[in-house]
Chemist: 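Can you read through this structure? Questions will come right after.
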Amino acid sequence: HQALAVRIPGRPGRYFVDVGFGGPTPTAPLGFVADVVQHTPHGRYRIGRHGGGYHLATLIADTWRPLYTFADEPRPPIDLQVGSWYASTYPGSVMVNQLIAARIVDGARWNLSGADLVVHRPGAPSHRERLDDAVAVLAVLREGFGIDLAGLDVRDRIAGLLRAAG
């Protein structure tokens with residue numbers, strides 16, 4: 001996983017950008033400043049100091065919840081490559097053993113974890129749904145997430161992931 005500290009031409013300071021975390025990831029760049037609440041179209045965030053680095057937190061149901069810690073220093077590309085390879089191949093990895101998808105579309109944050117679908121819309125109660133089976137999961141991946149798996153023989157693999165998750 002890699003978040004970025006970027007500069008925007010014509011604007012002072014740096015911005016924190018993370019498009020790959022999923023779940024409650026910020027949907028807009030955050031000013032790279034500590035201890036300031038920042039609003040995005042889909043939530044409030046705060047970068048805080050943590051040891052020699054930082055942590056990112058989001059406000060959920062009136063409670064600040066930590067998302068992850070990070071450092072403000074470049075990482076060698078090999079560190080990212082090895083970490084990505086390990087997370088995508090290790091038999092005990094969540095990325096190998098669970099079905100996870102996240103997308104922001106039409107103002108809503110869609111999160112799928114196994115057969116559990118949650119759609120969050122700002123200012124509205126979250127929609128929660130337990131999908132019945134692999135066929136329903138494939139339909140949600142296609143219709144809600146824009147992932148068309150037609151022609152790929154993945155139904156049995158998805159069914160196995162759902163069974164393993166309980």
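If you read the sequence from its start, that first residue is 1, and numbering goes on from there. Values in this document were obtained by computation on a predicted structure and should not be read as measured data. Excluded from the calculations below are hydrogen atoms, water molecules and symmetry mates; all remaining heavy atoms, backbone and side chain alike, are included.
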Chemist: Taking a hydrophobic cluster as the set of Ile, Leu, Val, Met, Phe, Trp and Tyr residues connected by side-chain heavy atoms closer than 4.5 Å, whether directly or through intermediates, do Leu161 and Val94 fall within one such cluster?
Modeler: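 No.
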
Chemist: Leu59, Val37: one ILVMFWY side-chain cluster at the under-4.5 Å cut-off?
Modeler: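 Same hydrophobic cluster.
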
Chemist: Where do Leu80 and Trp85 land on the side-chain contact (heavy atoms from CB on, under 4.5 Å) test, with the steps shown first?
Modeler: CA-CA 8 Å; Leu80 299 171; Trp85 177 83; over 6 Å; no

Chemist: Determine yes or no for a side-chain-to-main-chain donor-acceptor pair under 3.5 angstrom, with Ser84 supplying the side chain and Gln81 the backbone.
Modeler: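 Not at all, since once roles are kept as given, no pair shorter than 3.5 Å links the two residues.
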
Chemist: For side-chain contact (heavy atoms from CB on, under 4.5 Å), just list the numbers for Phe145 and Val140, CA-CA rounded to whole Å, side-chain angles, deciding distance to a tenth of an Å, and then say yes or no.
Modeler: CA-CA 7 Å; Phe145 289 85; Val140 165; 3.7 Å; yes

Chemist: With a 4.5 Å cut-off on side-chain heavy atoms, are His39 and Tyr45 touching?
Modeler: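 Sidechains of His39 and Tyr45: no contact.
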
Chemist: If you define the side chain from C-beta out and look only at heavy atoms, does anything of Ile47 sit under 4.5 Å from Phe16?
Modeler: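 Side chain of Ile47 against side chain of Phe16, heavy atoms only: contact under 4.5 Å found.
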
Chemist: What's the separation between atom NE2 in His42 and atom OG1 in Thr25, rounded to the nearest 0.5 Å?
Modeler: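 Rounded to the nearest 0.5 Å, the NE2-OG1 separation comes to 11.5 Å.
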
Chemist: Please assess Tyr68 against His55 for the test side-chain contact (heavy atoms from CB on, under 4.5 Å), listing each intermediate value before the final yes or no.
Modeler: CA-CA 6 Å; Tyr68 53 83; His55 73 268; over 6 Å; no

Chemist: What is the minimum heavy-atom distance between Trp64 and Pro66, and which atoms define it?
Modeler: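 Closest approach of Trp64 to Pro66: O-CD, 4.1 Å.
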
Chemist: Just how far is it from atom CZ of Arg46 to atom CG of Leu30, taken to the nearest 0.5 Å?
Modeler: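 That separation rounds to 12.5 Å.
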
Chemist: A side-chain contact here means heavy atoms from C-beta on lying under 4.5 Å apart; do Leu149 and Leu138 qualify?
Modeler: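 Contact flag for Leu149/Leu138 side chains = yes.
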
Chemist: Determine yes or no for a side-chain-to-main-chain donor-acceptor pair under 3.5 angstrom, with Thr58 supplying the side chain and Pro24 the backbone.
Modeler: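 The answer is no, because no donor-acceptor pair under 3.5 Å joins these two groups.
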
Chemist: Strictly below 4.0 Å, N to O, side chains only: are Asp148 and Arg142 in salt-bridge contact?
Modeler: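 Result for this pair is no, no salt bridge flagged.
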
Chemist: Taking all non-hydrogen atoms of both residues, which atom of Leu162 and which atom of Ala134 are closest, and how far apart?
Modeler: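 Taking every non-hydrogen atom into account, CD1-N, 3.8 Å.
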
Chemist: For the backbone of Gly31 and the side chain of Gln38, can you confirm whether one donor and one acceptor N or O come within less than 3.5 Å of each other?
Modeler: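 Yes, the answer is positive, given that a donor and an acceptor are paired below the 3.5 Å cut-off.
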
Chemist: So do the side chains of Asp18 and Leu67 get within less than 4.5 Å of each other, counting heavy atoms only?
Modeler: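 In short, these two side chains do not touch, never coming nearer than 4.5 Å.
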
Chemist: Keeping Asn97 on the side-chain end and Ser93 on the backbone end, is there a donor-acceptor pair under 3.5 Å?
Modeler: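 Checking the backbone N and O of Ser93 against the side chain of Asn97, a donor-acceptor pair under 3.5 Å is found.
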
Chemist: Without swapping roles, check the side chain of Arg109 against the backbone of Thr27 for a donor-acceptor pair under 3.5 Å.
Modeler: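 Side chain of Arg109 to backbone of Thr27, a donor-acceptor pair under 3.5 Å: no, none is there.
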
Chemist: Got a sec: does the CG of Asp35 have more than 12 other heavy atoms crowding it under 6.0 Å?
Modeler: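 Counting other residues, nucleotides and ligands, CG of Asp35 exceeds 12 neighbours.
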
Chemist: Side chain of Asp133, backbone of Val135: donor and acceptor closer than 3.5 Å?
Modeler: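 Between the backbone of Val135 and the side chain of Asp133 there is a qualifying donor-acceptor contact (under 3.5 Å).
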
Chemist: With a 4.0 Å cut-off, would you call Asp72 and Arg14 a salt bridge?
Modeler: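 A salt bridge links Asp72 with Arg14.
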
Chemist: Please tell me whether Ile147 and Val96 are part of a single hydrophobic cluster in this structure, the criterion being side-chain heavy atoms less than 4.5 Å apart.
Modeler: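 Ile147 does not cluster with Val96.
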
Chemist: Write down the atom of Pro41, the atom of Pro122, and the distance for their closest heavy-atom approach.
Modeler: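 Reported closest heavy-atom pair: O-CG, 3.4 Å.
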
Chemist: Please lay out, stage by stage, how Ser126 and His120 fare under the test side-chain hydrogen bond (donor to acceptor under 3.5 Å, both in side chains).
Modeler: CA-CA 5 Å; Ser126 296; His120 305 281; 2.5 Å; yes

Chemist: Between Val137 and Leu112, does a side-chain contact (heavy atoms from CB on, under 4.5 Å) hold up when you go through it step by step?
Modeler: CA-CA 9 Å; Val137 169; Leu112 180 65; 4.2 Å; yes

Chemist: In Å and rounded to the nearest 0.5 Å, what is the CZ to CG distance from Arg103 to Asn111?
Modeler: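 So the CZ of Arg103 and the CG of Asn111 are separated by 12.5 Å.
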
Chemist: Has Ser113 got a side-chain atom pairing as donor or acceptor with Asp116's backbone, closer than 3.5 angstrom?
Modeler: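 Checking the backbone N and O of Asp116 against the side chain of Ser113, no donor-acceptor pair under 3.5 Å is found.
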
Chemist: Before we go on, tell me: are the rings of Phe70 and Tyr54 under 6.0 Å apart, centre to centre?
Modeler: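 They qualify: ring centres under 6.0 Å apart.
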
Chemist: When rounded to the nearest 0.5 angstrom, what distance separates CG in Leu99 from CG in Leu141?
Modeler: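 If we round to the nearest 0.5 Å, Leu99:CG and Leu141:CG are 5.5 Å apart.
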
